[in-house]
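First the structure, in the form of C-alpha cells, and then the observations on it.
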Amino acid sequence: MNWIRRHLITFAALVVLAYLLVPNVIVAVFSFNDPEGKFNYNFNRFSTEGWTNPCGTAGICDSLGLSLRIGLIASLVATVLGTMIAFAIGRYRFRGRSSTNLLIFMPMATPEVVMGSSLLTLFLMMGLPTGPLAILIAHIMFCISFVVVAVKARVATLDPRLEEAAADLGATPFQTFLRVTLPLSAPGIAAGALLAFSLSFDDYIITNFNASPSSITFPMYVWGASARGVPVQVYVVGTIMFLIALGVVIAGQLISNRRKRQVA
C-alpha cells in the first residue's frame, strides 16, 4: 500500500496520457486498413496502400500543401511579432500597457465563429478577396495572442541579474540580448511557434469563413470528405503529423537534458 500511495500520481498521469493517446493509436491502426466501401470505420484487412500512395486521393496533397505553407508562414510571422510584444509587455512599463494586455487576450476568448465572421466582414470592407492571403492574415492575427502568452510566461521567469552581470562584464545591450536574453527565452519562443503552427494547421472555422472555392485547406478537405467517406490517406497524414510532433517533443527533451548535464 505504501508503494501504491507513493506512485499514485505517476500512475494517474500515465492513465490520463494513455487515454489521450487512444485516438492517435486508432488513427495509426486504421491508416493500414483496406476498407470495404467508402467508410473507414471497421478494420477489414491489413494494407500499406495508403502509405505507399499518400496522394492517391484527388486534392488531398494540394490541401495539405496549402495548410503547411499557411501554417509555416503564419507561425513565423506570429512568432516574430508575438515575441516583440511579449518582451515589451513583460519588461517595460508604458501608457496603455493594461489595455494592450486585454487586447492580447481578446482573440483567445472570442468564439471562432464570431472572429471568423468579423474578419470576413473586415476583409470585404477593405476589398481583400477571400483566399490564401485572407486566410494567412486571419491566422496570423489569432496566433499572435498564443505566442505572446507563451513567451511572456518565459520572460517573467528570467533573472534580471544575469543581464546585469553581462553589462558589468562589458557587453552591449545588443550583445546581452543576443547571448543572454534570447537563449534563455528560446524555450518559450519555440513553444509559442509550435503552438501557433498547430493552431494554424488545425483551424477550420476561421479558415472556412475566409477561404475561396479554390483554397481548400487540409481541415476543410477532411470535413468535406467526411460526408462521402474519409480516405485512408487522411489517416496516414494524421499519423505522420503525430509522429513528427512526437519527434520534436522528444528531441527538445533530449536537448534540455543534455544541457542540464553540461551545466551540472
Side-chain angles (χ1 to χ4, degrees), residues 1-35 39-48 50-51 67 71 75 78-79 82 86 90 105 107-109 111-112 142-143 145-159 183-205 218-219 222-223 226 230 232-264:
M1 293 299 295
N2 291 332
W3 183 88
I4 294 177
R5 283 196 295 268
R6 288 198 304 269
H7 298 84
L8 183 60
I9 296 178
T10 303
F11 178 74
L14 292 176
V15 171
V16 173
L17 181 62
Y19 174 76
L20 292 175
L21 292 178
V22 166
N24 301 96
V25 174
I26 293 176
V27 169
V29 170
F30 275 80
S31 67
F32 293 97
N33 186 28
D34 184 14
F39 293 102
N40 190 14
Y41 296 154
N42 298 305
F43 196 88
N44 184 33
R45 59 178 176 270
F46 181 84
S47 174
T48 59
W51 287 87
S67 289
S75 60
T79 300
F105 280 98
M108 302 173 61
E112 289 193 1
F142 75 79
C143 285
S145 298
F146 294 92
V147 176
V148 171
V149 172
V151 179
K152 184 182 174 183
R154 180 65 179 178
V155 171
T157 62
L158 298 183
D159 189 354
L184 293 175
S185 305
I189 297 174
L194 293 175
L195 180 60
F197 176 79
S198 62
L199 291 172
S200 174
F201 183 86
D202 188 58
D203 183 77
Y204 171 79
I205 298 177
F218 186 70
V222 175
W223 175 260
S226 62
V230 180
V232 179
Q233 284 80 1
V234 171
Y235 293 77
V236 173
V237 173
T239 304
I240 293 174
M241 296 298 295
F242 170 72
L243 293 177
I244 292 175
L246 183 63
V248 170
V249 173
I250 293 176
Q253 190 65 36
L254 292 175
I255 294 173
S256 177
N257 292 338
R258 181 180 298 178
R259 288 180 177 176
K260 289 180 180 178
R261 288 195 299 266
Q262 291 176 349
V263 172

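Note that the coordinates shown come from a computational prediction; the quantities given were computed from them, not determined experimentally.
- Atom CZ in Phe142 sits 6.5 Å away from atom CD in Glu112 (nearest 0.5 Å).
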Could you give the side-chain donor-acceptor pairs of residues 11-31 under 3.5 Å, partners two or more places apart or in another chain?
from: Ser31; atom 1: OG; to: Ala28; atom 2: O; distance (Å): 2.5
from: Ser31; atom 1: OG; to: Trp51; atom 2: NE1; distance (Å): 3.1

TODO: Take Ser145 and Val148, measure what side-chain contact (heavy atoms from CB on, under 4.5 Å) needs, and give me the verdict at the end.
DONE: CA-CA 5 Å; Ser145 298; Val148 171; 5.8 Å; no

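- Taking Asn42 as the reference, nothing meets the side chain to side chain contact (heavy atoms under 4.5 Å, CB included) condition, with sequence neighbours excluded.
- With sequence neighbours excluded, the residues satisfying salt bridge (charged side-chain N to carboxylate O under 4.0 Å, His left out) with Asp34 are Arg45.
- Every side chain to side chain contact (heavy atoms under 4.5 Å, CB included) that Leu184 has, sequence neighbours left out, goes to Leu158, Leu162, Val180.
- When all heavy atoms of Val232 and Pro35 are compared, the closest pair comes out as CG2-CD, 3.6 Å.
- A donor-acceptor pair under 3.5 Å is absent between the side-chain atoms of Ser200 and the main chain of Ala196, judged by distance alone.
- When the side chain to side chain contact (heavy atoms under 4.5 Å, CB included) test is applied to Ala193, the partners found at least two apart in sequence or on another chain are Thr79.
- Minimum interatomic distance between Leu195 and Ser198 (heavy atoms only, all atoms of both residues): O-OG, 2.8 Å.
- Applying the ring-ring contact (aromatic ring centres under 6.0 Å, His included) rule to Phe105 yields no partners; only residues at least two apart in sequence or on another chain are considered.
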Return all side-chain donor-acceptor pairs below 3.5 angstrom for residues 234-250, not counting sequence neighbours, or 'none' if the list is empty.
from: Tyr235; atom 1: OH; to: Asn40; atom 2: O; distance (Å): 3.4
from: Thr239; atom 1: OG1; to: Tyr235; atom 2: O; distance (Å): 2.8

Task: Arg154/Ile189 under side-chain contact (heavy atoms from CB on, under 4.5 Å): CA gap, chis, key distance, verdict - done: CA-CA 8 Å; Arg154 180 65 179 178; Ile189 297 174; over 6 Å; no

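- Looking at residues two or more places apart in sequence or on another chain, you find no ring-ring contact (aromatic ring centres under 6.0 Å, His included) involving Phe146.
- For the atom pair OG (Ser75) and CZ (Phe201), the distance works out to 12.0 Å, reported to the nearest 0.5 Å.
- Smallest separation of non-hydrogen atoms from Ser185 and Val155: OG-CG2, 4.3 Å.
- Around the CG atom of Leu254, the shell of radius 6.0 Å holds more than 12 heavy atoms that belong to other residues, nucleotides or ligands.
- Among residues two or more places apart in sequence or in another chain, the side chain to side chain contact (heavy atoms under 4.5 Å, CB included) test is passed with Ala150 by none.
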